[in-house]
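Note: hydrogens, waters and symmetry copies are ignored here, and every other heavy atom, side chains too, is used. The shown structure was predicted, so the numbers you read here are calculated from the model rather than taken from an experiment.
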Amino acid sequence: MADPKATALMEKIVSLCKRRGFIFQSSEIYGGINGFWDYGPLGAELKRNVKELWWRQMTRLRDDVVGLEATIIMHPQIWKASGHVDTFSDPMSTCRHCKKLVRADQVWEQLPENAWAQAVAELCPSGHVDSARLLGWAKGKGQRVAPNLALVRNPEVTLSWLAERVQQNPAPLETKELYQYLATEQFPQTGLVTPCPHCGGELTAPRPFNLMFKTHYGPVESDDNLCYLRPETAQAIFVQFKNVLETSRQKVPFGIAQMGKAFRNEVTPRNYTFRSREFEQMELEFFIKPDEAVEAQAGAVAAVDAAGHPGEPQANWGWQMWHKYWVEERIKFYEGIGLPRTTLEEYWQKPEELAHYARACVDILFKFPFGTQELEGIAARSDYDLSQHERCSGKAMGVFDEELRTAWGKLPKEKQDELWKRYFEARRKYLERTGEVPEKAAITARTNADGLAKGQYIPHVIEPSAGVDRLILGLITHAYSEVTDTDDKGKSETRVIMKFHPRVAPIKIAVLPLLKNKPELVKKAQEVFALLRGEMNTFYDEAGSIGRRYARQDEAGTPFCITIDFDTLGEKPELLNTVTLRHRDDGQQERLPIAELLGYLLPKIR
RNA sequence: GCGGGUGUAGCUCAAUGGUAGAGCUCCAGUCUUCCAAACUGGCCACGAGGGUUCGAUUCCCUUCACCCGCUCCA
């Protein structure tokens, strides 16, 4: 994966980003801080444009999505309910020999899959130790497959501890215990050692890697006021779901959109801004009816068959259609801001990769120079999130659907029973997963299913969740291009052109008087500048030769430059009040009346 | 967190145990009629801290950041 060409390209991009003011290292004058980045003037405009386009497309231009802006610090129990407190603290161990990082909770799952561990287990059937065969293996094959295992490095000593154990307690060893003994060389000093699954070496004691940033609310630090910086924006949407529902005059299916900062104490921030510790997300939680409700109302749930965008939402869409719909909508968004489909990849997570509550998850990946990496995940999360908050907060998170109740009443009895049963099973399964005793889970699930018949349900969720900063990085790496010109003297020079889509470009247009020592040109240029700047981000520049100024704008990614020359002033009367408009990507120019500029430019940048 | 590499001006790179030099960029001026022109002048650097030394950018230690691996996923 470490492609030297890709690394060289990234270095050039990083250098350009600093030179032109897209991205700076945070706190640079104090030596920087790992995992944090700032946006300079051009980067700030770029990011603002992207966020505004997302907000516009996801909420303002839709009838069925409304916005939310919640706080970064929220009630700590939210992160209990969401599972982050538990799942975001992985205990990690390092192998003292091969230096690999291993998740401590996965060591015992990984071990039996490795060749050396299997071999050792076979030498000691059912946990009965056979020292002679172990010794033979250690001096032979073991040298290759588990070079750092204590048994291999120092078989006599290692086996002596094992022999002592067998002498004291003749019962056969569990495989786990066997592995530990074979990894232990200095028993009195270290106690039983856990072996590295890769090489058999000694693992360090597990250290907790808590990925959530902790802080305290109120002036006194104590365990009572511990709280977290949110590791994702999604949970705020779930916990405010009822408030939004009641104030927005929306009905399921509808969505709540939010953009904002999130924080994760990444083990290794890497690849420039791609994995930062402070980052921004753009998330939509789109709430839909459970399939049982859709089926009750529409007769049947639409089947997903055709590839491509499924078109306008329909009443008979179940979660699969809605999921497909949002995948296609999101890809359309990326295409609309200049990332062609060829630069993107869809990755449908395999069933075994899914979180236990997820029905499906599609990652939209972008081909970064350093590898194809995720920009956005679109997850079908069932009714897990709202259910969790209902259970943990004790507040009802369900909705009442008058039309469902009416439709239900008209269903034949067999259909009612069938749907009731399916909903009941789904709810029971969820409740049992949370650790509820089976009898109680069945009772609650029964209540839930009875509720469905009365038009009540907990909405399911489709979640398109995008990382803003990695998208910005994607736009920058995709825009980066070089052209090499050779002049008359044979001197060649490489210039950088940032080919941003006009909709996201930080500066939309530069206004340039051809010469700065001619007051008439400057005056006219200032007039044109004043005309445009209220409508779009416009840059005025009179310093340096015209070619130099074009080159500067190319590096900033400005799609258009207009030049005020003597024809603008009427040197050729028929060209009075016209300007040359230069296109960034090919350097082509055209002549346009000043009066037509806005009409020409605005559609291109919106 | 561990291992390997790197750290000199805004960028790309020099030199040196005796206080840093170039090209480009940037700024100002002269000049300039469309793609980094020329000329003149100017700003700006040894990542940070400690040690060895009469003296450290140079040698040593620590630390920080970046790049490459091991893990992660918006």
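Remark: R548(A) is in phosphate contact with U25(B), judged by side-chain N or O atoms under 4.0 Å from OP1 or OP2. Between K18(A) and C11(B), a side-chain N or O to OP1/OP2 separation shorter than 4.0 Å is present. Residue S545(A) places at least one side-chain N or O under 4.0 Å from the OP1 or OP2 atom of A37(B). Regarding contacts with the backbone of G29(B), a side-chain N or O of K516(A) is found under 4.0 angstrom from either OP1 or OP2.
Taking atom CZ on F22(A) and atom C1' on C11(B), their separation rounds to 15 Å, with Å as the unit. Taking atom CD of E266(A) as the reference point, atom P of A74(B) lies 9 Å away to the nearest angstrom. The CZ-C1' distance, from F566(A) to U32(B), rounds to 10 Å in whole Å. Between the P atom of U33(B) and the CG atom of L512(A) lies a distance of 16 Å, rounded to the nearest Å. Separating the CZ atom of R20(A) from the P atom of C11(B) is a distance of 13 Å, rounded to the nearest angstrom. Atom-to-atom, CD of E571(A) to P of C34(B) comes out at 11 Å; the value is rounded to the nearest Å. Atom P of nucleotide C34(B) and atom CG of L515(A) are separated by 8 Å, given to the nearest angstrom. Atom CD in E542(A) sits about 9 Å away from atom P in A28(B), given to the nearest Å.
Checking A36(B), G10(B), A74(B) against every side-chain atom of F279(A), the shortest atom distance belongs to A74(B). Here C73(B) is the nucleotide among U33(B), C34(B), C73(B) with the atom lying nearest to any side-chain atom of R470(A). Relative to the side chain of R591(A), the nucleotides A74(B), G10(B), C34(B) differ in distance, and C34(B) lies closest. Of the listed nucleotides (C27(B), C34(B), C11(B)), C34(B) has the atom at the smallest distance from the side chain of Q589(A).
Remark: the E28(A) side chain and the Y30(A) side chain contain no N/O donor-acceptor pair separated by less than 3.5 Å. If you check the side chains of W54(A) and E52(A), you find no donor sitting under 3.5 Å from an acceptor.
Heavy-atom nearest nucleotides on RNA chain B were determined for K518(A) and for R552(A), and the one closer to the 5' end corresponds to R552(A). Nearest-nucleotide positions on RNA chain B place Q588(A) closer to the 5' end than the other of Q588(A) and R275(A).
With a 4.5 Å cut-off on side-chain heavy atoms, T568(A) and L521(A) do not count as touching.
For the residue pair S27(A) and I33(A), the shortest heavy atom distance occurs at OG-CG2, 3.5 Å. Across all non-hydrogen atoms, the minimal contact from W319(A) to I462(A) is O-CD1, 3.8 Å.
Each side chain to side chain donor-acceptor pair (under 3.5 Å) pair with one or both residues in residues 460-472 of chain A, not counting sequence neighbours, appears once here: Y39(A)-D469(A), K47(A)-D469(A), E283(A)-S465(A).
Using the six-membered ring where Trp is involved, F286(A) and W322(A) have ring planes that are tilted, between 30° and 60° apart. A perpendicular orientation is assigned to the rings of F368(A) and F366(A), their planes being inclined by more than 60° (bins at 30° and 60°).
Base contact: E555(A) has a heavy atom under 4.0 Å from a base atom. Using a 4.0 Å heavy-atom criterion, one finds that G377(A) contacts the sugar-phosphate atoms exclusively. Nucleic acid contact class of S465(A) (heavy atoms, under 4.0 Å, all strands): sugar-phosphate only. Using a 4.0 Å heavy-atom criterion, one finds that L375(A) contacts the sugar-phosphate atoms exclusively. Among the heavy atoms of the strands lying under 4.0 Å from T580(A) is at least one base atom, whether or not backbone atoms are also near. Here D469(A) lies out of heavy-atom contact (under 4.0 Å) with every strand. Among the heavy atoms of the strands, none lies under 4.0 Å from T494(A). Using a 4.0 Å heavy-atom cutoff across all strands shown, Q281(A) reaches sugar-phosphate atoms only and no base atom.
Using a 90° window around 0 for the glycosidic torsion, U12(B) falls outside it and is classed as anti.
When each of K572(A), K518(A), R591(A) is paired with D565(A), the salt bridge (Lys or Arg N to Asp or Glu O under 4.0 Å) condition holds for R591(A) and for no other.
Partner assigned to G17(B) is none, using Watson-Crick or G-U wobble distances below 3.5 angstrom. Across all strands shown, A45(B) forms no Watson-Crick or G-U wobble pair with both distances under 3.5 Å. With both pairing distances under 3.5 Å, U58(B) is matched to nothing as a Watson-Crick or G-U wobble pair. Of the nucleotides present, G29(B) is the one that pairs with C39(B) by Watson-Crick or G-U wobble criteria, both distances under 3.5 Å. Both distances falling under 3.5 Å, in either a Watson-Crick or a G-U wobble arrangement, occur for no nucleotide opposite U71(B). The partner of G7(B) is C64(B), judged by Watson-Crick or G-U wobble contacts that both fall below 3.5 Å.
Distance check on atom P: G49(B) versus C54(B) gives 22 Å, rounded to whole Å. As rounded to the nearest Å, G55(B) and U71(B) have P atoms that lie 49 Å from one another. Between the P atoms of U63(B) and G21(B), the separation comes to 34 Å (whole Å). Comparing the P positions of C44(B) and A9(B) gives a spacing of 14 Å, expressed to the nearest Å. A distance of about 15 Å separates the P atoms of A20(B) and G47(B), rounded to the whole Å.
In this structure, R552(A) fails the cation-pi test against Y550(A), since its NZ or CZ atom is not both closer than 6.0 Å to the six-membered ring centre and inside 45 degrees of the ring normal. A cation-pi arrangement, defined by a distance under 6.0 Å to the six-membered ring centre and an angle within 45 degrees of its axis, is absent between K18(A) and F22(A).
Put simply, the side chain of R549(A) and the base of C34(B) share no donor and acceptor less than 3.5 Å apart. Within 3.5 Å, no donor on the side chain of Y30(A) pairs with an acceptor on the base of C64(B), nor the reverse.
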For nucleotides 65-67 of chain B, give me every protein contact, N/O to N/O, under 3.5 Å, one pair per line with atom names.
from, atom 1, to, atom 2, distance (Å)
A65(B), OP1, N34(A), N, 3.2
A65(B), O4', G31(A), O, 2.9
A65(B), O3', Q25(A), NE2, 2.9
A65(B), O2', Q25(A), NE2, 2.4
C66(B), OP2, N34(A), OD1, 3.3
C66(B), OP2, N34(A), ND2, 3.4
C67(B), OP1, Y272(A), N, 3.1

